[in-house]
Each structure stands twice: as structure tokens, then as C-alpha cells.
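A short write-up of the structure that comes next.
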Protein chains: 2
Amino acid sequence: MKKTEELIQSAGQAGSGACDSFHATIEFIGKRWMGIIIYHLLDGPKRYHELAAEIDGISDRLLTERLKELEAHGFAVKRAVPAGRKVEYELTDKGYAFEPVIRSILTWVKQNGSCTKDRT
Amino acid sequence: MKKTEELIQSAGQAGSGACDSFHATIEFIGKRWMGIIIYHLLDGPKRYHELAAEIDGISDRLLTERLKELEAHGFAVKRAVPAGRKVEYELTDKGYAFEPVIRSILTWVKQNGSCTKDRT
DNA sequence: AAACAAGCTTACTAATAGTAAGGTTTATTC
DNA sequence: GAATAAACCTTACTATTAGTAAGCTTGTTT
């Protein structure tokens with residue numbers, strides 16, 4: 001049995017169906033800034049401008065876009081904060097369930113160092 | 001202490017340095033097709049055309065580009081297969097160390113279903 | 001009431017990805 | 001042994017996505 005098949009088996013699914021879900025998922029969370037946004041939301045609910053301040057280099061345009069996508073895919077909910085026209089974003093259970101993924105990446109970084117940003 | 005700080009602590013690093021490495025790493029592996037290529041290479045060494053055949057939808061151009069990036073960042077090595085002008089790509093230890101990340105994503109998929117590809 | 005901040009949106013440019021074709025070297029087939 | 005095909009790229013071009021900068025609206029502060 002191939003290693004990839006074992007991985008899929010251990011994840012409890014068989015065949016290309018699992019692979020497709022995996023593909024869709026990894027491409028979704030691989031979108032630029034997505035992982036970092038999820039990472040920061042693991043802290044708990046945050047306001048738009050908090051995220052904007054914490055995530056160095058992200059633009060309003062993409063932060064808004066990514067937050068909308070997180071909402072649309074059920075990773076996060078947007079909530080109006082009472083008293084004021086402020087909003088807050090919070091991960092859903094589905095979103096919080098991503099913590100092990102983030103954690104495993106942090107572990108990898110610890111053991112293997114970073115990826116530099118330079119292109120070949 | 002914030003959750004993100006705890007995550008960083010548990011990964012054995014402190015401050016924004018760890019966050020930057022994390023950022024660089026997640027953006028690198030988040031590039032389109034990168035995760036899927038790594039996933040397929042977890043099987044062991046593979047030829048170019050094997051990857052091309054297994055990864056549905058990828059083009060020669062991007063497969064070549066991603067493989068070069070994996071090489072340049074020390075995730076994989078390219079080897080000439082003796083007898084023939086064939087090449088083979090194999091993950092390095094650094095690359096194989098990514099298995100837990102892939103595994104955690106598969107676990108997430110099992111528990112939470114896929115992300116559909118449709119945009120909002 | 002003037003000025004400022006939050007949370008977007010819009011318009012435009014730059015970078016990245018997708019598509020299709022072709023090129024070169026090796027293997028295969030007639 | 002010439003023709004064909006397959007492996008492994010490369011190039012040129014289009015389409016999609018990201019980055020930059022400005023502005024707009026509602027609400028808050030002074």
C-alpha cells in the first residue's frame with residue numbers, strides 16, 4: 001500500500017474522494033494570508049482593525065476578502081459588537097479545529113527552520 | 001497569555017521571529033499545488049511524469065516551477081535516474097518532516113468535511 | 001462641529017497562475 | 001534504422017489574483 005493511501009486510510013476515507021477534499025481544503029487554506037489570519041483568530045474573537053494591526057503587510061482589501069471567504073466557508077462568523085457599529089470575527093468550531101494544523105506547522109518550523117521568502 | 005503566544009511557546013520559540021518564520025513557511029507551502037505535490041512525494045521518490053499523472057489539473061509549467069522551488073528550499077532533491085535521461089524527485093528529511101502537517105489536514109478533512117472550491 | 005477611527009469599497013497596477021504550443025533527448029516500434 | 005512516441009522541460013501569451021492607494025460612510029472623540 002502506498003504511503004498516501006495509508007494517510008488517507010488513517011484519516012478514515014478511501015479513494016480519490018478524500019484526495020479531492022484534501023485538495024480543496026489545502027488550496028483554500030493555502031490562499032495568501034489565510035493561514036496567518038486563522039492563526040491570529042485562534043486567540044479568540046478579534047476586531048477587524050486588531051487583525052489589520054497584528055498581521056504585518058496585509059492590505060484592507062485582502063483582509064476583507066479573506067474574512068469574507070472564511071465566513072462563506074464556515075470557518076468564522078462575523079458579529080456586530082453591541083453599542084457601536086463595530087464588528088468582531090470569531091472562528092467557528094470548524095475553524096478552531098484547525099489548531100492542530102497550525103501547531104504542526106509551528107513544530108516543523110521549530111525543527112527545520114523557516115522558509116525564506118526569496119524566489120529562485 | 002494569548003493563545004498564539006502559547007502556540008509559539010509550545011513550538012519552542014518566542015516573539016515575532018517565530019511568527020515571521022511561521023509566516024514565511026505557511027506562505028511557501030501555501031503556494032498553489034505545493035501541498036498536493038508534497039503529499040504525493042510522501043510516497044517516496046517519484047518521476048516527473050508520475051507526479052504529472054497523479055496530480056489532476058496541474059500544468060507542466062507549474063509542476064516544473066514548484067519542483068524547482070522545493071529543490072531551492074531544501075524540501076526535495078532532483079536526481080538523474082541511471083540508464084536513461086530520466087529524473088526523479090525525492091523529499092529530503094526536511095520535506096518528509098512535513099508528514100504530520102499533511103496528516104493533520106487529512107484529520108481535519110475527516111472531521112469537518114471539505115472546502116468547496118466555489119468562490120463567493 | 002471638526003477631526004478622527006473603524007470597516008469597508010473601488011480603481012488601477014503588478015505578480016502569479018493557466019493554457020497551449022514547441023523543443024530536445026531518449027525509448028520504442030515497424 | 002527511420003518514424004513515432006514519450007519524458008521533461010521552456011516559451012509566449014492570456015486570465016486570474018494580489019498589492020497599492022485612495023476614498024467613502026457611519027460613529028466616536030474633542
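Order of the sequence lines sets the chain letters (A, B, ...), proteins ahead of strands, with each chain counted from 1. Note: hydrogens, waters and symmetry copies are ignored here, and every other heavy atom, side chains too, is used.
Spacing between atom CD of B:Glu88 and atom P of D:dA7 amounts to 15 Å, rounded to whole angstrom units. To the nearest angstrom, C1' of C:dT16 lies 14 Å from NZ of A:Lys31. Between the CG atom of A:Leu63 and the C1' atom of C:dA6 there is a distance of 12 Å, given to the nearest Å. Rounded to whole Å, the distance from CD on B:Glu27 to P on C:dA17 is 11 Å. Note: CG (B:Leu67) to C1' (D:dT10) measures 15 Å, nearest angstrom. Atom CZ in A:Phe28 sits roughly 15 Å away from atom C1' in D:dT17 (whole-Å rounding). The CZ atom of B:Arg32 sits 11 Å away from the P atom of C:dT19 (whole-angstrom rounding). For the pair B:Arg79 CZ and D:dA7 P, the interatomic distance rounds to 19 Å; values are reported in whole Å.
In this structure, the side chain of A:Lys78 does not engage the main chain of A:Leu67 through any donor-acceptor pair within 3.5 Å. Side-chain N or O atoms of B:Trp108 include one that pairs as donor or acceptor with a backbone N or O of A:Lys94 at under 3.5 Å. The closest donor-acceptor contact from the side chain of A:Glu27 to the backbone of B:Trp33 lies under 3.5 Å. Panel note: side chain B:Tyr48, backbone B:Lys86; no donor-acceptor pair is recorded below 3.5 Å.
The side chain of B:Lys68 contributes an N or O atom lying less than 4.0 Å from OP1 or OP2 of D:dT10. For C:dA6, neither phosphate oxygen OP1 nor OP2 lies less than 4.0 angstrom from any side-chain nitrogen or oxygen of A:Tyr89. Using a 4.0 Å cut-off, some side-chain N or O of B:Lys78 falls inside it from OP1 or OP2 of D:dC9.
With rounding to the nearest 0.5 angstrom, the CD1 atom of B:Ile26 is 11.0 Å from the CE atom of A:Met34.
Between B:Arg66 and B:Glu69 there is a salt bridge, since at least one side-chain N of the basic residue sits less than 4.0 Å from a carboxylate O of the acidic one.
Within a heavy-atom distance below 4.0 Å of DNA chain C, the residues of residues 46-62 of chain A found are A:Arg47, A:Tyr48, A:His49, A:Asp60, A:Arg61.
Considering only residues two or more places apart in sequence or on other chains, B:Glu71 meets the side-chain hydrogen bond (donor to acceptor under 3.5 Å, both in side chains) condition with none of them.
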